[in-house]
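Each remark here refers to the structure printed beneath this line.
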Amino acid sequence: MPGEDKTVNEVTENLVDGLNPPQKLAVESIDGPLMVLAGAGSGKTRVLTRRLANIVASGVPPYRIVAVTFTNKAAAEMRERVVELIGPRRDLWVGTFHSISARLLRLYGDQIGLSRDFVIYDADDQKALIRKLLKEWNLSHDAKDVRATVSVLEAYRGKRVDKLFGPQSAIFAEYMKRLAACNAVDFSGLIEKVAELSDILPKLWDYVLVDEFQDTSRTQFAMLRAMVSGRGNICVVGDDDQSIYSWRGANPEYLLRFEKEFPGTRVIRLEQNYRSTGNIISAASALIANNQTRHGKTLWTAADAGVPLRFCVYERERDEARLIVETMEQRRSATPLSEMAVLYRVNAQSRPFEEELRRAQIPYRLVGGTRFYERAEIKDVLSYLRLAVNSSSDLDFLRAIKTPSRGIGAVSLDKLAAQAKEKELSLWDLCATGTYEVSAMARRGLADFISLVRDLQEQVSIIAPHDLLEMLLERTDVMGFLHSSGDEDLGRKENIDELHKSMQEFAVDRPDAVLRDWLDNVSLLTNDEQVDGEDGVTLMTIHSAKGLEFNIVFLPGWEEGLFPLRRAEEELNLEEERRLAYVAITRARREVHLSRTRTRLMYGNVMRTEASRFLHELPRDCIQFDSPPQAAMTFNGQDSRSAGGRRFRDGDDDDDETPRRRFHAQESSMRPAPSAPSAPGTLGAAAAAAASPASASPAGRKPAAPADGFSAGKRVRHGKFGDGVIKAVVGEGDMRKAMVSFGGAPPKVILVSFLTLL
């Protein structure tokens with residue numbers, strides 16, 4: 001096709017122009033294992049795509065190269081950049097782990113006993129099947145139970161837990177059996193099944209490139225190893241300082257041990273940041289340097305220092321949201337709203353910001369709300385279309401047959417399910433044969449439904465997906481509201497129109513595609529976080545912000561227990577929490593606004609808070625203290641205007657040695673005080689020193705040894721991690737925590753109540 005016959009000179013021209021020396025070296029290093037440690041904002045995507053283009057320029061056919069990343073957005077960006085360099089190619093293997101796996105299984109799945117017409121079950125489908133199994137087993141099956149069960153089963157599949165307990169094992173076995181019976185594969189199954197193609201994978205490609213390698217899970221790493229031929233031509237690009245998805249199975253360990261897995265690895269560090277100001281880079285670098293389990297990097301920038309990071313303490317979370325929104329109003333004349341973001345640790349923090357933004361009539365977009373392909377009316381239509389491709393899917397059968405109502409109630413469906421299970425048939429196979437027992441009304445509804453789906457099946461490989469949708473809508477009022485004039489129903493109709501548009505756009509890009517291809521694309525898209533909605537301020541969790549950047553970033557809620565987050569199991573993954581803080585700060589190009597509240601509504605009660613330990617790890621010369629309007633901060637009991645470089649505190653002037661006073665000395669907190677203009681202050685080394693054990697007692701005396709016996713150097717035992725040695729102990733009372741080293745693993749921070757002295 002046009003553009004595919006570019007000459008080598010055209011492809012290689014300017015490939016390394018504009019690159020700094022380490023970037024150029026990475027692009028030109030073609031053969032052998034290569035690890036590129038790419039700091040935040042260091043231009044890693046440019047390096048990866050130009051390296052791919054350079055491999056092609058050296059004479060390697062594009063189809064002998066595979067480039068893998070983690071999100072559809074990143075894959076699309078990578079593909080676009082590669083096409084700009086080498087011209088449009090249909091034989092490019094560029095995509096996510098899941099999309100490449102789906103493509104491989106369509107080609108080679110029959111060699112491991114998988115039909116090529118399998119459907120992909122997304123996260124909602126997985127939950128629906130688990131809910132169905134829990135109900136069949138007479139187990140509690142509310143939303144919380146379903147999420148917990150899915151979490152445990154996924155952890156087991158990813159080898160993050162060693163075994164299942166009680167009914168979990170039987171449910172897992174039945175879940176996998178039902179998937180096979182439905183000719184379905186879930187997201188984890190895509191990776192698992194590709195790993196079974198171990199004899200085929202090394203023969204497909206000569207070069208493997210991986211982006212965001214720090215996010216690799218155990219199964220994904222196994223897949224990558226199988227993809228690498230004997231030549232060992234694998235290049236991974238990643239940053240262990242940005243590994244923040246352990247709850248998905250991501251493990252920075254694979255980046256840390258890459259050199260052992262692939263002997264002879266060349267390591268190149270990309271340390272120049274092109275995104276942020278000097279103060280932002282200095283603050284983020286000082287913070288992440290406190291992590292022990294990491295590759296050393298020295299992030300730097302040629303940009304000006306810029307304004308200091310600003311920090312403010314508010315009395316309540318409502319004050320925090322209101323005054324941050326006021327700051328947005330002040331900044332919007334110089335900075336577009338789309339270049340402002342509020343990044344928080346947990347979704348629950350969004351509520352006051354949404355309310356204040358509405359009051360101020362400032363548009364915003366909330367990342368994490370109901371996404372397009374998860375809306376009920378869209379899922380209803382998809383169930384019909386997926387059933388037309390794969391009639392064995394019971395989940396799609398049950399959803400489609402309920403919309404619209406056909407006189408087939410829950411009792412009839414339960415009878416059908418029992419009969420299908422007894423005869424070891426799918427619901428479709430049972431109903432298609434007519435050998436089932438239900439009421440006369442239900443039988444008529446089933447006959448109409450079977451007839452409709454059969455008509456769709458006859459056309460599924462003949463007409464375009466959007467034409468098939470039109471056929472479905474002409475035959476039946478699928479959602480039961482197409483002829484309604486209500487406002488809510490009009491909105492749903494607009495969503496169906498938008499679905500039709502997406503199908504038409506897909507047909508333009510893929511004129512030869514059939515419904516199965518479009519469904520694959522939709523299933524894979526639902527695995528990504530999307531940023532949709534009106535152009536305005538972005539509200540999102542820090543996890544969702546990974547890979548994004550804004551001119552101004554607001555980071556509320558920097559309090560102990562919230563950030564770092566104290567999880568229910570009371571074991572704090574402190575290093576990952578610190579990596580999250582690093583990611584949050586490095587999303588900003590120009591300004592970072594940090595804040596905390598002195599009180600916060602938690603679990604129905606107003607709780608006093610403590611400053612996040614991460615605040616004490618920021619360098620003093622990068623921070624400026626701002627005060628809420630009509631208030632100022634006091635430093636060691638003095639007005640902020642005379643505080644100079646002293647550490648700051650709440651400003652209480654009682655002299656008795658109370659626990660509250662000791663808290664001030666350790667946490668270097670601050671509070672609003674009446675009437676004085678705001679002035680800059682400092683935070684960092686002095687505050688960190690104040691948090692040390694020596695400063696917790698008068699005259700720098702070392703505190704007395706704790707009565708419970710837990711102290712540095714003591715050997716302890718943990719029920720899950722085994723025997724270890726305490727490195728340090730912090731905190732008081734029920735919240736005392738110990739940093740414990742278990743063998744060669746990274747130290748873990750654990751409540752002492754979970755430990756036994758040896």
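Looking at Lys546 and Asp215, their side chains come closer than 4.5 Å, going by heavy atoms from C-beta outward. Counting heavy atoms from C-beta on, the side chains of Asn72 and Thr96 come closer than 4.5 Å. In this structure, Phe614 and Leu555 have side chains that are not in contact, with every pair of non-hydrogen atoms separated by 4.5 Å or more. In this structure, the side chains of Tyr207 and Ile30 come closer than 4.5 Å at one or more pairs of heavy atoms. Between Lys44 and Glu212, some side-chain heavy-atom pair lies under the 4.5 Å cut-off. Residues Met223 and Glu192 have side chains not in contact (no heavy-atom distance under 4.5 Å, counting atoms from C-beta outward). Using a 4.5 Å cut-off on side-chain heavy atoms (C-beta onward), Leu204 and Tyr108 make contact. Between Val16 and Asn54, the closest side-chain pair of non-hydrogen atoms is not below 4.5 Å.
Of all heavy-atom pairs spanning Trp93 and Tyr63, the tightest one is CD1-O, 3.7 Å. Contact record, Val553 with Ala584: CG1-O, 4.1 Å, taken as the closest heavy-atom pair. A pairwise comparison of heavy atoms in Ala67 and Ile100 identifies O-CD1, 3.7 Å as the closest pair. Residues Asn290 and Arg578 come closest through the heavy atom pair CB-NE, 3.5 Å. Heavy-atom minimum distance, Cys622 versus Ala283: SG-N, 4.1 Å. Among all heavy-atom pairs drawn from Asp239 and Gly39, the shortest one is OD2-CA, 3.7 Å.
Salt bridge absent: Arg231 and Asp31 never bring a charged side-chain N and a carboxylate O closer than 4.0 Å. Here Glu575 does not pair with Arg294 in a salt bridge; the nearest charged N to carboxylate O distance is not below 4.0 Å. In summary, Arg81 and Glu77 engage in a salt bridge, as defined by a charged side-chain N under 4.0 Å from a carboxylate O.
Panel note: side chain Gln214, backbone Ser243; no donor-acceptor pair is recorded below 3.5 Å. With Glu259 contributing its side chain and Thr265 its backbone, the two residues share no donor-acceptor pair below 3.5 Å. Remark: the backbone N or O of Thr298 is paired with a side-chain donor or acceptor of Glu271 at under 3.5 angstrom. A donor-acceptor pair under 3.5 Å links the side-chain atoms of Thr301 to the main chain of Asn273, judged by distance alone. Remark: the backbone N or O of Phe221 is not paired with any side-chain donor or acceptor of Arg225 at under 3.5 angstrom. Listed for the Ser612 side chain is a donor-acceptor partner under 3.5 Å among the backbone atoms of Phe563. At least one donor-acceptor pair under 3.5 Å links the side chain of Asn279 to the backbone N or O of Gly306. Checked by atom type and distance alone, the side chain of Ser276 pairs as donor or acceptor with a backbone atom of Ala588 at under 3.5 Å. At least one donor-acceptor pair closer than 3.5 Å links the side chain of Glu576 to the backbone N or O of Ser246. At least one donor-acceptor pair closer than 3.5 Å links the side chain of Arg587 to the backbone N or O of Leu548.
In this structure, Tyr245 has its ring center at least 6.0 angstrom away from the ring center of Phe70.
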(request) Start with the C-alpha gap between Ile585 and Leu618, add the side-chain angles, then the distance that decides, and say whether side chain to side chain contact (heavy atoms under 4.5 Å, CB included) holds. (result) CA-CA 11 Å; Ile585 292 173; Leu618 298 174; 4.1 Å; yes
(request) Apply side chain to side chain contact (heavy atoms under 4.5 Å, CB included) to the pair Gln23 and Arg50, showing each step before the final yes or no. (result) CA-CA 10 Å; Gln23 290 175 331; Arg50 292 197 184 193; over 6 Å; no
(request) Apply the test side chain to side chain contact (heavy atoms under 4.5 Å, CB included) to residues Val237 and Leu270: give CA-CA distance (whole Å), side-chain angles for both, the deciding distance (0.1 Å), then the verdict. (result) CA-CA 10 Å; Val237 180; Leu270 305 183; 5.6 Å; no
(message) Please determine whether side chain to side chain contact (heavy atoms under 4.5 Å, CB included) holds for the pair Met227 and Val68, giving the CA-CA distance in whole Å, both sets of side-chain angles, and the decisive distance to 0.1 Å.
(response) CA-CA 11 Å; Met227 291 164 62; Val68 189; 4.0 Å; yes
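The CD1 atom of Ile244 sits 7.5 Å away from the CD atom of Gln242 when rounded to the nearest 0.5 Å. Annotation: the span from Leu52 atom CG to Cys235 atom SG amounts to 10.0 Å, rounded to 0.5 Å. Rounded to the nearest 0.5 Å, atoms CG (Asp517) and CZ (Arg103) are 11.0 Å apart. Annotation: the span from Arg51 atom CZ to Leu85 atom CG amounts to 14.5 Å, rounded to 0.5 Å. Taken to the nearest 0.5 Å, the CG atom of Leu197 stands 7.0 Å off from the CD atom of Gln111. Distance check: Asn573 CG to Leu565 CG gives 11.0 Å after rounding to the nearest 0.5 Å.
Of the listed residues (Arg106, Arg386, Arg516), just one forms a salt bridge (charged side-chain N to carboxylate O under 4.0 Å, His left out) with Asp117, and that residue is Arg516. Between Ile65 and the choices Leu209, Asp206, Leu92, Asn233, the side-chain contact (heavy atoms from CB on, under 4.5 Å) rule is met once, by Leu209. Considering Arg269, Lys297, Arg579 in turn, Lys297 is the only one that fulfils the salt bridge (charged side-chain N to carboxylate O under 4.0 Å, His left out) rule with Asp241. Each of Leu519, Asp186, Asp520 was scored for a side-chain contact (heavy atoms from CB on, under 4.5 Å) with Ile120, with one residue passing: Asp520.
Residues passing the side-chain contact (heavy atoms from CB on, under 4.5 Å) test with Gln349, sequence neighbours excluded: Tyr344, Arg345, Val346, Pro556, Leu562.
Enclosure of atom CZ in Arg590 is not indicated, since only 12 or fewer non-hydrogen atoms of other residues, nucleotides or ligands lie within 6.0 angstrom. Within a 6.0 Å radius of CG in Asp304, no more than 12 heavy atoms belonging to other residues, nucleotides or ligands are found.
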